[in-house]
Student: 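Following this message is one structure expressed as structure tokens.
The analysis underlying the following values was restricted to heavy atoms, covering all of them including side chains, and did not include hydrogens, waters or symmetry mates.
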Amino acid sequence: MLEKRTDSRGQSVEEVFGVYGNMLYRIAFVMMKNAFDAEDVVQDTLIKYMEHMERGKAFETEEHRKAWLIRVDSNLCKNRLRFYKNHPKISMEQLSRYYEKEEDTELMDSLLLLPSKYREVLLLHYVEGYHGREIAGMLGLSESAVRKRMERGREKLRRLLQETG
């Protein structure tokens with residue numbers, strides 16, 4: 001249950017969840033390939049946020065808060081994946097039910113097959129709409145590393161889509 005703790009700008013955890021919960025869930029779902037794990041990751045992200053607030057640390061801007069939440073969410077996903085050794089708990093067929101258009105399903109199925117370092121930057125850029133500089137800041141990478149991962153990820157995705165027809 002979310003508590004009514006507030007940060008320096010007067011935002012409760014509930015309000016932060018209301019604003020960023022869906023975004024954090026989508027990121028976690030794509031990375032974890034599992035709805036239950038995605039929910040757990042979002043919950044853990046909010047717990048980390050509460051701990052961050054309790055330490056009296058503030059965010060410079062709302063974008064800083066958002067980037068921090070994305071970074072924590074992403075890192076928690078990576079930690080879980082490392083623990084599970086990439087053992088997905090739902091099949092690709094079950095996942096494809098969540099997409100409306102058939103071409104979206106094919107694209108997402110192929111995206112989920114990419115290594116996480118490529119999947120992550122492509123998701124943040126194309127799904128969440130971030131630019132290379134913003135992604136670099138969130139993931140702690142250089143802009144050139146983000147550009148290279150996007151380039152390699154698009155190429156791998158292109159090959160996967162060509163193989164499947």
Side-chain angles (χ1 to χ4, degrees), residues 7-9 11 13 15-90 95 98-99 104 107-161:
D7 64 8
S8 61
R9 294 182 188 215
Q11 280 193 306
V13 176
E15 291 169 330
V16 170
F17 178 73
V19 173
Y20 299 111
N22 286 334
M23 176 195 63
L24 294 172
Y25 179 79
R26 286 190 312 265
I27 292 168
F29 186 78
V30 168
M31 291 182 74
M32 298 303 299
K33 305 176 193 173
N34 180 309
F36 299 112
D37 285 337
E39 291 169 358
D40 287 345
V41 167
V42 172
Q43 184 177 14
D44 291 346
T45 301
L46 293 173
I47 290 169
K48 294 268 188 204
Y49 179 78
M50 286 190 308
E51 292 170 351
H52 186 81
M53 287 181 350
E54 286 174 358
R55 283 186 241 123
K57 297 184 177 180
F59 298 98
E60 298 169 8
T61 64
E62 197 57 33
E63 277 301 309
H64 181 217
R65 178 192 323 272
K66 186 176 181 180
W68 186 91
L69 287 166
I70 290 170
R71 180 79 185 253
V72 169
D73 193 56
S74 176
N75 285 341
L76 288 171
C77 287
K78 289 176 188 176
N79 291 345
R80 277 184 186 260
L81 288 171
R82 196 173 300 121
F83 178 77
Y84 293 149
K85 299 277 188 199
N86 260 343
H87 189 269
K89 294 196 173 35
I90 97 172
L95 184 62
Y98 292 99
Y99 305 106
D104 288 346
L107 181 61
M108 286 305 292
D109 287 346
S110 297
L111 181 63
L112 292 171
L113 295 174
L114 292 176
S116 66
K117 67 181 184 180
Y118 302 127
R119 184 174 58 234
E120 185 175 42
V121 294
L122 291 174
L123 167 75
L124 288 172
H125 181 70
Y126 291 108
V127 177
E128 296 299 329
Y130 286 99
H131 298 286
R133 177 177 291 145
E134 296 168 315
I135 296 170
M138 286 181 224
L139 301 179
L141 300 169
S142 66
E143 285 185 60
S144 61
V146 169
R147 283 192 304 271
K148 195 51 131 173
R149 284 185 183 188
M150 286 178 61
E151 177 186 331
R152 289 177 179 163
R154 283 190 297 259
E155 182 56 36
K156 286 182 180 292
L157 188 59
R158 189 176 299 116
R159 276 192 244 126
L160 280 171
L161 290 170

Student: Looking at every heavy atom in both K156 and P115, which two are closest together, and how far apart are they?
Tutor: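 Heavy atoms of K156 and P115 come nearest at CD-CD, 4.3 Å.
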Student: Can you tell me how far NE2 of H125 sits from NE2 of H131, rounded to the nearest 0.5 angstrom?
Tutor: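 It is 8.0 Å, given to the nearest 0.5 Å.
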Student: Can you see which heavy atom on Y25 is nearest to which on E39, and at what distance?
Tutor: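 Looking at all heavy atoms of both residues, the shortest contact is CE1-CG, 3.7 Å.
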Student: For N79, does the CG atom have more than 12 heavy-atom neighbours from other residues, nucleotides or ligands under 6.0 Å away?
Tutor: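 Check passes, neighbour count above 12.
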Student: Let me confirm one number: the CZ-CG distance from F29 to L112, rounded to the nearest 0.5 Å.
Tutor: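 Those atoms lie 8.0 Å apart.
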Student: Could you tell me whether a side-chain N or O of R119 sits under 3.5 Å from a main-chain N or O of L111, the two making a donor and an acceptor?
Tutor: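 No, because the side chain of R119 does not come within donor-acceptor range (under 3.5 Å) of the backbone of L111.
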Student: Under the criterion side-chain contact (heavy atoms from CB on, under 4.5 Å), I'd like the reasoning laid out for R149 against I135: C-alpha separation, chi angles, the key distance, then a yes or no.
Tutor: CA-CA 11 Å; R149 284 185 183 188; I135 296 170; over 6 Å; no
Student: Please give me the minimum heavy-atom distance between K66 and Y130, naming the atom from each residue.
Tutor: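 Smallest heavy-atom distance, with atoms named: CE-OH, 2.5 Å.
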Student: Under a 3.5 Å distance rule, please check whether K48 uses its side chain to pair with a backbone N or O of V72 as donor and acceptor.
Tutor: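 No, because the side chain of K48 does not come within donor-acceptor range (under 3.5 Å) of the backbone of V72.
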Student: Would you check if F17 and V42 make a side-chain contact, meaning some heavy-atom pair closer than 4.5 Å?
Tutor: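 Answer yes - side chains close enough.
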Student: Step through the shown structure and confirm whether more than 12 heavy atoms of other residues, nucleotides or ligands are within 6.0 Å of CZ on R55.
Tutor: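 More than 12 within 6.0 Å, yes.
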Student: Within this structure, what is the NE2-NZ distance for the pair H52 and K57, rounded to the nearest 0.5 Å?
Tutor: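 The distance works out to 6.5 Å.
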Student: Find out whether L124 and V146 are in side-chain contact, i.e. whether some heavy atom of one side chain is under 4.5 Å from a heavy atom of the other.
Tutor: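 With C-beta onward as the side chain, the pair stays apart.
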Student: Run the salt bridge (charged side-chain N to carboxylate O under 4.0 Å, His left out) test against K78 and tell me which residues pass, sequence neighbours left out.
Tutor: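 With sequence neighbours excluded, K78 shows a salt bridge (charged side-chain N to carboxylate O under 4.0 Å, His left out) to E120, given in chain and number order.
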Student: How far apart are the closest heavy atoms of T45 and L69, and which atoms are they?
Tutor: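 So the minimum-distance heavy-atom pair works out to CG2-O, 3.8 Å.
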Student: Taking the six-membered ring for Trp, are F59 and H64 parallel (under 30°), tilted (30 to 60°) or perpendicular (over 60°)?
Tutor: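 Ring orientation, 0 to 90° scale: perpendicular.
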Student: Can you measure from CZ (R80) to CE (M31) and round to the nearest 0.5 angstrom?
Tutor: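 Taking CZ in R80 and CE in M31, the distance rounds to 12.5 Å.
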Student: To the nearest 0.5 Å, tell me how far D73 CG sits from R26 CZ.
Tutor: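 Going from CG on D73 over to CZ on R26, the span is 11.0 Å.
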Student: OH/Y118 to CD/E151 distance, rounded to the nearest 0.5 angstrom?
Tutor: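 So the OH of Y118 and the CD of E151 are separated by 10.0 Å.
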Student: Taking all heavy atoms of A67 and all of M138, pick out the closest pair and write down the distance.
Tutor: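 In terms of heavy atoms, the two residues are closest at CB-CG, 3.8 Å.
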Student: Could you pull out all residues at least two apart from E155 that satisfy salt bridge (charged side-chain N to carboxylate O under 4.0 Å, His left out)?
Tutor: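 Salt bridge (charged side-chain N to carboxylate O under 4.0 Å, His left out) list for E155, sorted by chain: R158, R159.
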Student: Shortest non-hydrogen contact from L114 to G153?
Tutor: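 That would be CD1-O, 3.9 Å.
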